[in-house]
Every structure is written in structure tokens, then in C-alpha cells.
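What follows is a short report on a single structure.
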Amino acid sequence: KTAFQWEDPLASRNLLTEEELAIAETAERYCQERLLPRVLQAYRDEHYDAKMLEEMGELGLLGANIQGHGCAGVSSVAGGLITRAVERVDSGYRSGMSVQSSLVMGGIDEFGTEEQKQKFLPDMARGKLLGAFGLTEPNHGSDPGSMESVARPHPNKTGYYSLSGAKTWITNSPIADVLLVWAKLQDTGKIRGFLVERKDCPPGTLETPAIKDKNGLRASITGMIQMDGCPVPEANMFPDVEGLRGPFSCLNNARYGISLGVVGALEDCIARARTYALERKQFKGNPLAKYQLVQKKLADAATDAAYGTLAAIQVGRLKDEGRAAPEMISMVKRQNCDAALRNARVLQEVFGGNAVSDEYAIGRHVANLFVTQTYEGQSDIHSLILGRAITGIQAFV
Ligand code: TGC
Ligand code: FAD
């Protein structure tokens with residue numbers, strides 16, 4: 001009889017290549033040895049140590065799906081195994097990395113000129129140049145098509161645009177060197193992507209204040225982007241892509257990464273709840289793990305993690321073959337984020353009062369997983385994307 005492995009119930013390892021297994025092992029070792037020891041204090045202090053992006057860069061973990069320009073060029077599944085390893089420690093650490101790798105480097109790789117690629121990608125791959133992705137605005141989150149940020153020809157500088165507007169809830173914005181900002185061209189009203197370099201912005205034209213006192217994702221840094229006539233050279237605009245296809249194409253990669261990332265957070269919750277349930281005794285010296293209600297909680301969570309992994313691997317394979325519809329990514333992003341949050345909340349119960357102590361980590365995962373269900377398209381928005389694809393009728397407006 002084949003032995004059941006509770007950590008990989010449906011043997012997803014069998015679907016991975018030797019290279020993917022090696023990448024996963026490197027990422028898991030780094031995350032457990034170097035990131036895990038930092039996260040509790042970082043979360044308490046609401047501190048993001050950007051040095052970790054340099055460490056990830058040294059291991060080739062940044063922009064790993066990109067071919068060339070100092071990037072590793074690995075499969076989508078391998079990229080997902082990296083996010084899973086990072087998010088096993090903390091969703092905020094994965095967030096900082098996703099923005100760098102998928103949203104900014106991925107955008108430059110897909111839509112940038114060769115000059116833009118050469119200028120930004122190698123330093124970003126090494127974690128020496130930090131990126132942020134500005135789409136959400138104070139009045140337009142789920143509906144970025146209504147954005148108000150605008151790019152006009154600069155009144156005094158030939159060959160420059162002048163950007164004005166505000167973006168909010170932007171991961172990495174307070175520390176980013178290059179901010180990929182989406183704004184509408186004044187004359188056409190079309191959305192375009194601009195690479196805003198902090199070092200070139202005169203005082204008062206670009207501010208990136210941090211948003212403090214978050215009750216989730218505290219180990220990542222989040223802020224605003226406030227632009228007031230910020231000069232950006234025409235050479236820093238993506239040349240061809242217009243409309244929401246630009247930002248949404250970047251989001252396809254990041255949403256895919258989240259779909260495997262949140263499985264890592266859920267697997268950490270399962271492992272911690274299992275250990276706790278085996279050690280904690282109640283009623284005549286029995287471990288909590290002996291009780292059927294506790295076992296069901298573990299069985300439900302392990303099942304959802306295993307199904308979520310298989311579905312994400314399938315979508316990753318199709319993505320690399322150019323056969324993944326964006327709705328498939330919506331499906332795995334929505335399903336895995338919802339399942340991770342739902343199961344983490346239930347597993348929290350296994351810890352009783354100790355769940356309230358941050359030493360047990362489960363409360364941190366629950367707070368973080370609420371954010372993963374919210375950003376990159378809140379789950380109900382993905383329901384509507386799927387509903388539109390199923391019925392042919394859009395229900396957003
Ligand atoms: P819609 O009419 O659906 O589409 C407009 C244009 O965009 C194209 N498109 C896509 N292209 C590529 N991939 C996709 N997934 C695409 N989805 C749409 C579409 O073909 C069309 O192109 P064209 O050429 O015909 O113009 O646009 P809509 O305005 O009706 O959109 C509705 C909706 C709800 C689907 C969309 O607005 C949406 O997804 N809203 C959610 C917003 C969101 O995800 N924001 C994310 C902000 S970034 C973030 O959260 C980063 S957190 C990072 C971290 O810390 O980890
Ligand atoms: P709203 O759009 O106001 O939605 C509120 C609620 O209403 C949601 O539940 C939504 O599903 C629901 N809703 C909205 N419209 C409809 C509808 N038509 N039908 C049914 N229900 C609807 N953005 C970036 O651009 N870059 C980043 O790096 C980034 N990082 C983030 C980091 C953190 C910590 C957080 C919290 C957010 C981040 N975001 C980022 C923003 C994130 O993408 C948005 O919060 C998200 O898209 C939702 O937008 P909103 O908050 O404005 O909510």
C-alpha cells in the first residue's frame with residue numbers, strides 16, 4: 001500500500017521537474033533559515049527589511065520567470081514554488097517579492113523597450129533597484145478603468161510628460177526606486193504605463209508616504225504615490241501597450257504567483273495546527289488530535305491545499321504553453337485565496353486562547369490572508385470575471 005504523505009496528500013511532487021524540485025528546495029531552505037527568524041519581530045515593528053530582496057536576488061529568485069537580462073528564465077510553476085516558499089513564512093514577504101518580480105519586472109519584460117529592459121531588469125533582478133506598481137487610486141480600486149491620474153506634455157521640458165494624481169495602497173512605494181505608474185494620456189484618455197524614477201523627480205513632484213498601523217501584512221511596506229507635475233521622460237513610457245490590457249497582463253503573472261503563494265501560508269497553518277493538536281492534551285490526557293472535530297478541521301484544510309496545488313500546477317503548465325485563459329488564473333487566485341483564509345480561520349480555533357498570542361503565528365497568517373483575498377482583484381470581483389465568462393453577461397456595472 002502506498003503511504004499517505006500528509007504534507008503532500010495528492011503527491012504533487014510527481015508533477016514537478018528535477019529543476020523545479022531543486023528551485024523549490026533552494027527557496028524553502030532560504031526562507032526557513034533566513035526569513036522565518038526575522039518575521040515575528042518585523043511584524044510587531046511593522047518593519048520591512050528591503051535587504052531580503054538583495055538576498056533573494058543573489059539566489060536568482062527575483063523575476064525568475066523572465067528569460068535573459070540577468071533573470072533565470074524558469075517555468076511558471078517554478079515561480080509559483082518560490083512564492084509558495086516565501087509565503088509559507090509570511091504573505092507580506094511574498095508581496096514585496098511579487099511586486100518586484102511579477103508586476104514591475106514582468107511589466108518591463110512584456111511591454112518595455114530594449115533600452116528600458118537593459119536599464120532596469122539586471123539591477124532589479126539583483127534586488128539593487130526596488131520597484132512598485134501603482135494602479136489603485138483612492139477613489140478607484142476594483143474599477144481602475146476610471147482612474148484619474150493623468151499624463152500631459154510637460155509645459156517646460158521638451159520630450160517629457162508631467163504626471164499628476166494619487167495612487168494608494170501601493171506595496172513598496174515608500175522605498176521604491178522605480179515606480180510603474182498607470183495614468184491616462186490627457187489627449188487620448190488612454191491608459192499608459194510610465195516608469196517613474198525617484199532620483200529624477202524634483203522635490204515636491206513625487207511623494208510616497210507610508211500607510212502605517214495596518215492590521216495585516218505588517219511585515220511588508222505599503223504607501224501612497226502622490227504626483228504633482230512629476231516629470232517623466234517619454235523614453236520611460238511603455239511604447240505600445242494602451243488601455244487596461246497593460247496592467248492586467250502584469251496582474252496575470254502576479255495573480256498566478258499568489259495562487260500558489262497562499263497555499264504555502266495554508267500549509268504552514270496546517271503544520272502548526274497539527275503539531276499543536278498532537279502536543280496539547282485536554283480531557284483525561286488525550287491530545288486534541290484524538291478528537292474527531294479537530295481531525296475534520298485538519299482534513300478539510302489539507303484537502304483544499306492539495307486540490308489548490310494541483311489546480312495551480314495545471315494552470316501554470318497551460319500558461320507556459322500559451323493556453324491559459326485569464327479566467328483560469330482568476331479561478332485559481334480566487335479559490336486558493338478563499339480556501340486559505342477560510343481554513344486558516346478554522347485552524348486558528350485549534351489553538352484555543354493561545355491563538356491570540358503572536359508567538360503561534362496563526363493569527364498573523366489569518367490577518368495576512370484577508371489581504372490576499374482583497375488585492376489583485378477582490379474575490380467577488382473574480383467571481384464576476386468568471387460569471388461573465390460563464391454567462392456572457394458582465395455584471396460589474
Ligand atoms: P474589461 O473590459 O474587462 O477589460 C479592459 C481591457 O483589458 C483587457 N483585459 C485583460 N488583458 C489581459 N489580461 C487580463 N486578465 C485582462 N482582463 C481584461 C481586456 O481584454 C480589455 O482589452 P481591450 O484591448 O479590449 O481594451 O475592463 P473592465 O474595466 O470592465 O474591468 C473590470 C474588472 C473588474 C475585470 C477589472 O477592472 C479588475 O480586474 N479589477 C480588479 C482590480 C485589480 O485587480 N487591481 C489590482 C491592483 S494591483 C495590486 O493589488 C497589487 S498587490 C501586490 C502585492 O502586494 O502582492
Ligand atoms: P473597492 O473597489 O472599494 O471594493 C470594496 C468591496 O466592494 C470589495 O469587497 C469589492 O469586491 C466590492 N465591489 C466593488 N465593486 C463591486 C461590484 N461591481 N460588484 C460587487 N462587488 C463589488 N494596488 C496597487 O495598485 N498596487 C499595489 O502594490 C497594491 N498593494 C496593496 C497592498 C495592500 C496591503 C492592500 C490592502 C491593497 C493593495 N493594493 C494595491 C490595492 C488593492 O488592489 C485594492 O485594495 C483592491 O483592488 C480593492 O480595491 P478597493 O480597496 O478600492 O476596494
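Just so you know, ligand 1 is whichever comes first in the structure, and atom 1 is the first atom listed for that ligand.
Less than 4.0 angstrom separates atom 51 (O) of ligand 2 from none of the non-hydrogen atoms of the protein. Within a 4.0 Å radius of atom 6 (C) of ligand 2, the protein has no heavy atom. For atom 26 (N) of ligand 2, the nearest protein heavy atom lies closer than 4.0 Å. In this structure, atom 29 (C) of ligand 2 has protein heavy atoms in its sub-4.0 angstrom surroundings. Not a single protein heavy atom sits closer than 4.0 Å to atom 21 (N) of ligand 2.
Taking the six-membered ring for Trp and thresholds of 30 and 60 degrees, Tyr360 and Phe351 have ring planes more than 60 degrees apart, a perpendicular arrangement.
Under 4.0 angstrom from ligand 2, the non-hydrogen atoms of Leu217 all belong to its side chain. Only the side chain of Val371 comes within 4.0 Å of ligand 2, counting heavy atoms alone; its backbone N, CA, C and O stay farther away.
For atom 17 (C) of ligand 2, the closest non-hydrogen atom of the protein is Leu384 CD1, 4.0 Å. The nearest heavy-atom contact from the protein to atom 41 (C) of ligand 2 is Thr136 OG1, 3.3 Å. Closest to atom 39 (N) of ligand 2 among all protein heavy atoms lies Trp169 O, 2.9 Å. Atom 13 (N) of ligand 2 has its closest protein heavy atom at Ile381 CD1, 4.2 Å. From the protein, the heavy atom lying nearest to atom 32 (C) of ligand 2 is Thr171 OG1, 3.3 Å. Of all protein heavy atoms, the one lying nearest to atom 46 (C) of ligand 2 is Thr374 O, 3.5 Å. In terms of protein heavy-atom proximity, atom 9 (O) of ligand 2 is nearest to Gln378 CD, 3.4 Å.
Applying the 6.0 Å contact sphere to OH of Tyr291 captures more than 12 heavy atoms from other residues, nucleotides or ligands. The environment of CG in Asn215 is sparse: at most 12 heavy-atom neighbours from other residues, nucleotides or ligands sit within 6.0 Å. Within 6.0 Å of atom CD in Glu114, more than 12 heavy atoms from other residues, nucleotides or ligands are found, so the atom counts as buried in its surroundings.
Side-chain contact of Glu376 with His382: a donor-acceptor pair under 3.5 Å is absent, judged by distance alone. With 3.5 Å as the limit, one finds a donor-acceptor pair spanning the side chains of Thr208 and Arg198.
Residues Tyr161, Leu163, Ile170, Val181, Leu185, Phe194, Val196, Leu206, Ile225, Met227, Val232, Met237 make up the rest of the hydrophobic cluster containing Leu179, defined by ILVMFWY side-chain heavy atoms closer than 4.5 Å, directly or through other members.
A donor-acceptor distance shorter than 3.5 angstrom exists from the side chain of Thr372 to the backbone of Leu369, with no hydrogens or angles considered. Remark: the backbone N or O of Ser149 is paired with a side-chain donor or acceptor of Glu137 at under 3.5 angstrom. Looking only at distances, a side-chain donor or acceptor of Thr205 sits under 3.5 Å from a matching main-chain atom of Pro202.
Between His140 and ligand 2, not a single N/O pair is under 3.5 Å apart. Annotation: Ser142 places an N or O atom under 3.5 Å from an N or O atom of ligand 2; distance criterion only. Between Phe133 and ligand 2, at least one N/O pair is under 3.5 Å apart.
Checked for salt-bridge contact, Glu28 and Arg88 meet the test: a charged N lies under 4.0 Å from a carboxylate O.
If you look at ligand 1, the protein residues with a non-hydrogen atom under 4.0 Å away are Arg94, Ser95, Val99, Leu103, Phe133, Leu135, Thr136, Gly141, Ser142, Pro144, Thr171, Leu244, Arg245, Phe248, Ser249, Leu251, Asn252, Arg255, Pro326, Tyr375, Glu376, Gly377, Ile381, Ile385, Arg388, Phe396.
Side-chain contact between Ser220 and Lys214 is present, with heavy atoms from C-beta onward closer than 4.5 Å.
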